[in-house]
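Contents: one structure, followed by commentary.
Computation of the quantities below employed the complete heavy-atom set of this structure, encompassing side-chain atoms and omitting hydrogens, waters and symmetry-equivalent molecules. By convention in this document, chain letters (A, B, ...) are assigned in the order of the sequence lines, proteins followed by strands, and residues within each chain are numbered from 1.
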Number of protein chains: 2
Amino acid sequence: MKLRDENKIARIYKATLKLVKATGLSGVTMQAVAKEAKIATGTLYIYFQNKETLIASLFQACIKNSQGSFFKNYDAKAPFKVGFHTIWLNVLHHRLLRFEESLFIEQAFHSPYIDEQIKVEAKKMFEPLKELLARGKKEHLVKDVDNFWLTAFMIGSINEISRRVNYYNKKLNPEVIDLNFQLCWDGIKA
Amino acid sequence: MKLRDENKIARIYKATLKLVKATGLSGVTMQAVAKEAKIATGTLYIYFQNKETLIASLFQACIKNSQGSFFKNYDAKAPFKVGFHTIWLNVLHHRLLRFEESLFIEQAFHSPYIDEQIKVEAKKMFEPLKELLARGKKEHLVKDVDNFWLTAFMIGSINEISRRVNYYNKKLNPEVIDLNFQLCWDGIKA
DNA sequence: TTTATAAATGAATAAAAATTCATTTAATTT
DNA sequence: AAATTAAATGAATTTTTATTCATTTATAAA
């Protein structure tokens, strides 16, 4: 019996992300995905029931992937600023390195392919960050502002950095990264 | 001779924006637009040569529209903080009130419908803000950071506020708006 | 009024995209 | 090495979407 080439799902995801970056979600056709992934169109339907399933599965994979990266090396017991800096850098690096995924998440979020259920899950992504900010407020290091807005502030500014790096292919170096962190830090600090 | 109903273009734009919010750009079909605008499909082609033209025209209209709002009541001669606050509020209000347009711009930006030329134009939108920030730096009120990153910081955090207000239909009141401004202001100030 | 002209219509057509399926290929088991 | 099984293929089919066009409708000018 011929075995499934499990590596194929990764190829399909990669192809889809590449197409989303190049043409947006509206440019993603099953034929184009198959061609990019160098498989036959029919093969797509062995791995995914239909287009909706493909998009929804990739969406969940991207969310999971983000969660993994954001809190890598994060130690909840480290001093507040250390922890905050770690997460800030992790989010930035993830967005920069996996810009296609961020783009896909944004576009898929507003497509008919993703249902409410999945969106609710996606929202839980930043729980550990919210806990850290709560602690920062207790320690009087962070402004007394609702976590909802503090995270919006942090994530929003990071997203825009990565968007601009990618759109205008601006280069980042450690010094510039530091300056950008300082903007965010001065914003949230009490 | 029957005259063109110029109001129809506005109806078409409105319908397109509504559909983009509901289903993303990939859900925008000419039939759906026509139905939503309560005109016949053929009529769409009287006003726009084809789908690409419709999307590109709306994109330009949205950009122009933004430019108008962002610098409304802005006085380049007012004290720095006053001017900055005015623009910050204008951008926020525009994003909140015309969220569908922001969404459309984001999605269209990465679609095959918008060519490089138009994107370059869109980039010039924030020129007056950059001038203001340059002045702020001269007056030692603003951190010595490249305007590119200062605007990214400001615009990114505002965008995320409006995104969250719309996604999670969180309410904003003047007090919360002030808190959010404070985050941004403390971030950029020297 | 009548005529002329362009807008508006929506069914028909063309084009593009999603999905299926009969056939082939490759790996595993007997 | 034959039989078995599921993966892989890609052309054919179905479905959806873009675009056209013959016809109707409304308005301005004659």
Output the rounded distance in Å from [atom1] ([X]) to [atom2] ([N]).
| X | N | atom1 | atom2 | result |
| --- | --- | --- | --- | --- |
| I9(B) | dA7(C) | CD1 | P | 12 Å |
| M30(B) | dA14(C) | CE | P | 19 Å |
| Y45(B) | dA14(C) | OH | C1' | 11 Å |
| I12(B) | dA7(C) | CD1 | P | 13 Å |

>> Please list all pairs meeting ring pair (Phe, Tyr, Trp, His ring centres under 6.0 Å) that have one or both residues in residues 8-57 of chain B, counting only residues at least two apart or in different chains.
In response: Y13(B)-F48(B)
> What residue pairs, at least two apart or across chains, pass ring pair (Phe, Tyr, Trp, His ring centres under 6.0 Å) with a residue in residues 105-128 of chain B?
Replying inline: Y167(A)-F109(B), Y167(A)-H110(B), F70(B)-F126(B)
>> Among residues 48-59 of chain A, which ones have heavy-atom contacts with DNA chain C below 4.0 Å?
In response: N50(A), K51(A)
Looking at residues at least two apart in the chain, or sitting in another chain, which of them share a salt bridge (Lys or Arg N to Asp or Glu O under 4.0 Å) with [X]?
| X | value |
| --- | --- |
| E175(A) | none |
| K137(A) | none |
| K51(A) | none |

Considering only nitrogen or oxygen atoms on both sides, find all protein atoms under 3.5 Å from nucleotides 6-10 of chain D and state each distance.
{"from": "dA7(D)", "atom 1": "OP1", "to": "R4(A)", "atom 2": "NE", "distance (Å)": "3.3"}
{"from": "dA8(D)", "atom 1": "OP1", "to": "K8(A)", "atom 2": "NZ", "distance (Å)": "2.5"}
{"from": "dA8(D)", "atom 1": "OP1", "to": "Y47(A)", "atom 2": "OH", "distance (Å)": "3.4"}
{"from": "dA8(D)", "atom 1": "OP2", "to": "Y47(A)", "atom 2": "OH", "distance (Å)": "2.5"}
{"from": "dT9(D)", "atom 1": "OP2", "to": "A40(A)", "atom 2": "N", "distance (Å)": "3.1"}
{"from": "dT9(D)", "atom 1": "OP2", "to": "T43(A)", "atom 2": "OG1", "distance (Å)": "2.7"}
{"from": "dG10(D)", "atom 1": "N7", "to": "G42(A)", "atom 2": "N", "distance (Å)": "3.4"}

> Hey, are the side chains of F84(B) and I188(B) touching, using non-hydrogen atoms and a 4.5 Å cut-off?
Replying inline: yes
>> Checking F99(B) now: which residues fulfil ring-ring contact (aromatic ring centres under 6.0 Å, His included) with it, not counting sequence neighbours?
In response: none
> Residues two or more places apart in sequence or in another chain: which of them pass side-chain contact (heavy atoms from CB on, under 4.5 Å) with R164(B)?
Replying inline: F148(A), T151(A), A152(A), I155(A), E160(B), Y168(B)
>> Can you tell me how the ring of F153(A) sits relative to the ring of F153(B), calling it parallel under 30°, perpendicular over 60° and tilted otherwise?
In response: perpendicular
>> With hydrogens left out and only the distance checked, is there a donor-acceptor pair under 3.5 Å joining Q31(B)'s side chain and the base of dA18(D)?
In response: yes
>> Based on the rotation axes of five pairs at each end, what angle does the helix from dT1(C)-dA30(D) to dT30(C)-dA1(D) bend through, to 10°?
In response: 10°
> Among pairs that include at least one residue of residues 85-102 of chain B, which meet side chain to side chain donor-acceptor pair (under 3.5 Å), considering only residues two or more places apart or in two chains?
Replying inline: N65(B)-E101(B), R95(B)-N159(B), R98(B)-E101(B)
>> Strictly by side chain to side chain donor-acceptor pair (under 3.5 Å), give each pair with a member in residues 69-79 of chain A just once, sequence neighbours left out.
In response: none
